[in-house]
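See below for the structure under consideration.
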Amino acid sequence: MADALRDVLAQARASLVNESRAVPTVASLLDAAARRLGHGARETLFSVINATGVVIHTNLGRAPLAPEAVSAMQAAAGYGNLELDLETGRRGSRHDHLDALIAEVTGAEAGLAVNNCAGAVLLALAALAAETPVIVSRGELIEIGGGFRVPEIVAQSGARLVEVGTTNRTHLSDYERAVRDHPDARVILRTHPSNFRMSGFTSAPGLDALAGLARAEGLLLIEDLGGGALIDLKPYGIADEPTVQASLRAGVDLVLFSGDKLLGGPQSGIVAGRRDLVAALSRHPLARALRLDKLNVAALAATLRLYRPPGDPVARVPVLRMLTQSAAVVAARAQALRALIADLPALEVGVQDTVGYAGGGALPMQALPSCAVTLAGPSLGADALARRLRTGTPPVLGRIERDRVLIDLRTVADAQLPALALAIRQAGEGGKSTAP
Ligand SMILES: *Cc1c(COP(=O)(O)O)cnc(C)c1O
């Protein structure tokens with residue numbers, strides 16, 4: 001108790017000095033201390049309303065799952081036939097629930113899922129390229145964030161990095177020379193630049209040309225696609241994202257991608273490609289260390305099933321639904337929210353067009369025309385209002401622009417509007433932020 005009071009007093013002193021806030025009341029200090037004490041014993045992970053407009057938001061847990069995936073996780077939570085063949089009563093494999101499904105929806109010969117895409121890259125290189133040179137363009141030696149750096153993953157796999165080309169330009173002849181100079185090389189690795197874009201004087205060989213070279217020289221072409229879209233998003237104005245199927249068609253031997261980015265499933269790393277190579281990955285000891293747990297097996301299988309014909313993944317997978325909904329639909333939701341909070345005396349409420357983002361290290365620069373409700377309090381700065389929203393029930397994450405809090409409706413579901421309106425009302429009325 002004393003520690004909690006001391007912390008709260010220190011924080012209050014700091015905000016008096018740094019932000020010249022009004023002196024807090026004793027009651028509010030006691031309240032804050034009680035909340036702090038409660039937090040120690042209570043949950044730390046809450047459901048929040050994502051009003052940032054960033055669809056695949058890594059800090060907010062990336063892809064929100066489809067209801068089908070949530071029910072599948074619930075069903076798998078107790079005992080289940082995860083590794084049991086119910087027909088024969090013999091031991092089965094957890095991979096049986098996923099491998100054929102991955103192959104079916106990607107069009108690959110075979111599939112495998114592990115804990116995440118970083119794990120899939122590590123496993124693929126360890127199984128297929130350990131102690132041999134791996135050829136990578138200098139333009140693709142990227143860092144994704146969260147500690148994923150291509151040179152370090154290559155090193156951890158036991159392979160040796162061979163860099164070709166320059167930062168901005170790599171030609172097919174650069175790869176050809178590296179193949180000639182390193183006769184023991186078995187793998188060419190291609191990585192999607194994800195959250196990094198080069199423009200201007202740049203070039204890289206097409207995937208077809210690279211696959212042709214790999215085939216002619218008896219090498220494997222492995223592609224770390226990162227985002228991993230299974231449907232073409234071009235008709236929805238999302239131009240830059242290649243599909244898994246296109247990479248396989250171009251002749252990539254193994255495609256690796258995340259389950260919780262554009263696929264819209266749980267955290268996982270998916271491998272799709274040649275049967276013999278997928279088999280080599282599943283036999284490697286790292287496959288056991290990187291295996292998916294039963295809840296993710298269930299959620300991933302349910303998500304992948306949404307992609308099977310005649311399904312409609314764009315309507316059923318939340319990530320795809322949010323990415324592809326028209327600006328008019330988002331604007332209508334913004335008007336609906338405004339109507340729910342228009343009577344709030346403490347806040348100026350407006351609606352404005354804005355820009356959301358796909359995010360998630362998949363296509364973070366992909367701008368999505370969006371619409372936001374704007375909130376401003378005459379006596380309350382945007383930072384303070386944003387903080388109240390963030391610490392309310394449920395927590396609401398918006399973004400600040402020109403001293404107003406923007407509530408971007410692209411990433412909010414219609415069903416969340418009543419709870420969102422209530423949370424804004426509480427924040428605006430300056431009432432106690434009752435932490436969840
Ligand atoms: C996001 C990303 C990864 C890491 O994926 P995780 O599933 O988060 O491990 C690896 N490579 C690329 C190109 C990515 O975009």
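First listed ligand is number 1; within each ligand, the first listed atom is number 1. Please read all numbers here as calculations on a predicted model, not as lab measurements.
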Can you list the atoms of ligand 1 that are under 4.0 Å from a heavy atom of S258? 5 (O), 6 (P), 7 (O)
Polar contacts were defined as any N/O atom of the residue lying under 3.5 Å from an N/O atom of the ligand; does this apply to C117 and ligand 1? yes
Counting heavy atoms only, which of E143, E140, K261 comes nearest to atom 1 (C) of ligand 1? K261
Would you say CD of Q156 has more than 12 non-hydrogen atoms from neighbouring residues, nucleotides or ligands within 6.0 angstrom? no
So is D224 close enough to ligand 1, meaning a heavy atom under 4.0 angstrom away? yes
For ligand 1, which atoms, with element, lie under 4.0 Å from some heavy atom of R62? 6 (P), 7 (O), 8 (O)
Compute whether any side-chain donor of one residue and acceptor of the other, for Q426 and R388, lie under 3.5 angstrom apart. no
Please list, in number order, the atoms of ligand 1 under 4.0 Å from a heavy atom of H192. 13 (C)
Looking only at side-chain N and O atoms, does T132 offer a donor or acceptor that is under 3.5 Å from a partner on D184? no
List the atom of V405, the atom of A386, and the distance in Å for their closest heavy-atom pair. CG2-N, 3.9 Å
Which is it for E223 and ligand 1 at heavy atoms under 4.0 Å: side chain, backbone, both or neither? neither
Side chains of H97 and N81 in contact at under 4.5 Å (non-hydrogen atoms): yes
Would you mind listing which atoms of ligand 1 come within a distance below 4.0 Å of any non-hydrogen atom of S194? 12 (C), 13 (C), 14 (C), 15 (O)
Would you check if the side chain of N296 reaches a backbone N or O of D293 as a donor-acceptor pair within less than 3.5 Å? no
Look at ligand 1 and say whether Q267 reaches it with a heavy atom at a distance under 4.0 Å. no
Can you confirm, on distance only, whether ligand 1 has an N/O atom lying under 3.5 Å from any N/O atom belonging to G119? no
